[in-house]
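Accompanying notes for the structure given below.
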Amino acid sequence: MNKPDFEQFLTQSLNDTKHELTPEKDLWPGVERALAKSEAAKPVKNGWNKLAAIAACTVAALLTAQLFIKTPQTNSVAAMSDFFAKQKQSLLVQYEGSPAVTDNWQQQLSELEEAESAIKQALENEPNNSALLSMLAQVYQQQLDLINKVHAPKWQTI
Amino acid sequence: MLIDAKEAFTSNSEDALITKVKSGDQQAYAQLYTLHVKRVYALCLRLLADKEHAEDATQEVFVQLWHKIASFEGQSQFSTWLHSVTSNIAISYLRKHKNWLQKVVSFEQSGMDEQSTADCQGLNGLDKLVLRLPERARMVFVLHAIEGYRHEEIATMLGMAVGSSKSQYHRARQLLKEWYENE
């Protein structure tokens with residue numbers, strides 16, 4: 001028997017698609033545990049914390065932009081690193097004790113830190129390479145965004 | 001879980017369940033989970049093309065939904081709203097779980113290999129081919145052809161131009177056709 005042509009196969013398969021599939025393991029216990037954990041560690045709502053965090057990120061983005069609009073100088077990396085290290089530290093201190101929405105955010109943060117080290121190493125040979133500087137700024141910004149996002153999720157974006 | 005979805009649904013209408021969940025009733029939430037978990041998992045599996053990631057993302061959907069359900073005002077059907085929440089969480093899950101190199105150079109992940117698709121239960125022949133597609137082509141194909149989203153909506157969800165969504169869809173169809181004909 002000849003197999004149907006692709007268009008027939010596609011139409012037929014799309015009509016037959018199952019919109020419900022059963023996961024192989026029971027996922028509810030994990031959901032229940034996560035809910036219990038987040039209920040137990042509900043933070044005291046403080047609008048100022050969130051505002052301060054958003055303001056810090058905005059300032060960081062503005063400073064980064066300013067660094068790149070001007071001609072890159074040899075001390076750009078050090079200045080940028082210093083600025084972002086302070087921002088990151090202050091966010092981490094601010095969110096200390098607040099529950100994070102994902103368990104593996106520290107792993108994600110360490111992956112971004114690995115990227116930061118790799119780019120800094122490349123910059124040692126080419127300190128004025130604007131593409132590398134731009135990548136470094138992006139990685140720093142991603143770290144700040146990650147810390148903010150896991151501690152102060154923006155539900156409205158879902 | 002011991003709660004039977006159909007039984008749960010006949011004794012509590014979905015609206016009543018949602019009202020209970022909004023007031024913090026976790027038992028009602030377990031019933032709501034039972035009613036929708038298969039739909040959520042199917043969408044996560046097709047978008048993420050990875051069983052373990054689909055399971056994680058499904059759990060993430062239901063954890064976030066618990067916090068977010070208060071904002072559901074009943075203007076659309078709950079299943080439609082949940083579907084959109086699920087799509088967005090699966091997309092952001094994929095972004096979050098890229099390693100640093102993929103993040104920095106926007107490297108695109110390939111899909112599942114043939115052996116892994118064979119291990120997924122309940123999938124038809126097309127599904128098994130779809131899961132082998134590269135990431136962007138797969139997401140656009142799933143959202144457009146299977147889930148019925150318009151390219152304009154997909155472009156917004158995936159942060160790409162409408163033209164890119166259309167070209168990824170075309171690319172997906174070409175690859176599927178090629179694989180189907182060479183099977």
Side-chain angles (χ1 to χ4, degrees), chain A residues 3-7 9-39 42 101-105 107-119 132 134-136 138-139 142 146 149-150 153 155-158, chain B residues 1 3 24 26 29-30 33-34 36-46 51 54-56 58-68 70-71 84-85 88-89 92 96-101 103-105 120-127 129-130 145-147 173 176-178 180-181 183:
Chain A
K3 71 176 181 182
D5 73 14
F6 177 71
E7 291 305 324
F9 162 75
L10 189 61
T11 310
Q12 189 59 46
S13 303
L14 288 172
N15 287 337
D16 295 344
T17 294
K18 285 185 190 171
H19 287 280
E20 291 196 345
L21 295 171
T22 309
E24 282 171 25
K25 63 180 186 194
D26 184 3
L27 305 176
W28 177 251
V31 174
E32 208 171 22
R33 269 198 303 275
L35 293 181
K37 206 170 151 188
S38 68
E39 287 299 305
K42 247 183 187 170
V101 290
T102 55
D103 291 334
N104 70 340
W105 72 275
Q107 187 201 328
Q108 292 177 51
L109 187 62
S110 84
E111 281 173 6
L112 289 169
E113 285 165 349
E114 271 177 49
E116 176 192 332
S117 306
I119 298 166
L132 286 172
S134 170
M135 269 190 196
L136 184 63
Q138 203 185 342
V139 167
Q142 282 175 327
L146 173 71
K149 203 170 156 191
V150 296
W155 305 117
Q156 66 273 23
T157 61
I158 290 170
Chain B
M1 294 202 43
I3 301 160
Q26 278 210 13
Y29 193 55
Y33 164 89
T34 308
H36 293 282
V37 65
K38 291 179 184 175
R39 182 80 180 90
V40 168
Y41 174 73
L43 181 54
C44 288
L45 179 63
R46 290 190 174 107
K51 269 200 287 188
E55 288 169 354
D56 282 355
T58 302
Q59 287 179 318
E60 198 164 322
V61 167
F62 283 99
V63 172
Q64 292 201 19
L65 183 67
W66 170 256
H67 297 285
K68 192 181 159 54
S71 68
S84 147
V85 168
N88 284 305
I89 290 176
S92 89
K96 273 195 288 186
H97 287 78
K98 284 185 174 182
N99 65 34
W100 72 264
L101 184 66
K103 282 177 184 163
V104 171
V105 297
C120 290
Q121 292 163 359
L123 298 177
N124 66 21
L126 176 66
D127 275 324
L129 294 178
V130 168
I146 301 179
E147 303 297 340
R173 277 184 62 110
L176 292 171
K177 185 169 192 267
E178 192 183 311
Y180 173 73
E181 287 170 353
E183 256 181 350

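Bear in mind the structure is a predicted one, so any value in this text is a computation, not a measurement. A, B, ... follow the sequence lines: proteins, then strands. Residue 1 opens every chain. Below, all heavy atoms of this structure are taken into account, side chains as well, without hydrogens, waters or symmetry copies.
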Between atom [atom1] of [X] and atom [atom2] of [Y], what is the distance when rounded to the nearest 0.5 Å?
X	Y	atom1	atom2	value
B:Leu123	A:Ser13	CG	OG	12.0 Å
B:Glu181	A:Asp5	CD	CG	8.0 Å
A:Glu32	B:Tyr29	CD	OH	11.5 Å
A:Leu21	B:Arg46	CG	CZ	5.0 Å
A:Trp28	B:Thr58	CH2	OG1	13.5 Å

* To do: Give the minimum heavy-atom separation between B:Arg39 and A:His19, together with the two atoms involved.
  =>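 Closest heavy-atom pair between B:Arg39 and A:His19: CD-O, 3.2 Å.
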* Closest contact, heavy atoms only, B:Gln59 versus A:Gly30 ->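 Closest heavy-atom pair between B:Gln59 and A:Gly30: NE2-CA, 3.5 Å.
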* To do: Decide side chain to side chain contact (heavy atoms under 4.5 Å, CB included) for A:Lys18 and B:Asp127; before the verdict, give the C-alpha distance in whole Å, the side-chain angles of both, and the deciding distance to 0.1 Å.
  => CA-CA 9 Å; A:Lys18 285 185 190 171; B:Asp127 275 324; 5.9 Å; no
* Go through the atoms of B:Glu183 and report whether side chain, backbone, both or neither lie under 4.5 Å from a heavy atom of chain A. =>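 Looking at B:Glu183, backbone and side chain both touch chain A.
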* **B:Leu176, part contacting chain A, at a heavy-atom distance under 4.5 Å** =>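 Both backbone and side chain of B:Leu176 come within 4.5 Å of chain A.
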* Give a yes or no answer on whether the side chain of B:Lys96 reaches the backbone of A:Gln108 with a donor-acceptor pair at less than 3.5 Å. =>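 It does not hold such a pair.
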* Aromatic rings A:Phe9 and B:Tyr180: how do their planes relate, parallel, tilted or perpendicular, breaks at 30° and 60°? ->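 Answer is parallel, since the angle falls under 30°.
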* Asked: Between A:Leu27, A:Asp16, A:Val31, which residue shows the highest count of heavy-atom pairs closer than 4.5 Å to chain B?
  ->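 Looking at each of A:Leu27, A:Asp16, A:Val31 in turn, A:Leu27 comes out on top.
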* To do: Please determine, among A:Gln12, A:Glu20, A:Glu7, the option with the most heavy-atom pairs under 4.5 Å with chain B.
  =>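 Among A:Gln12, A:Glu20, A:Glu7, the one with the most close pairs to chain B is A:Glu20.
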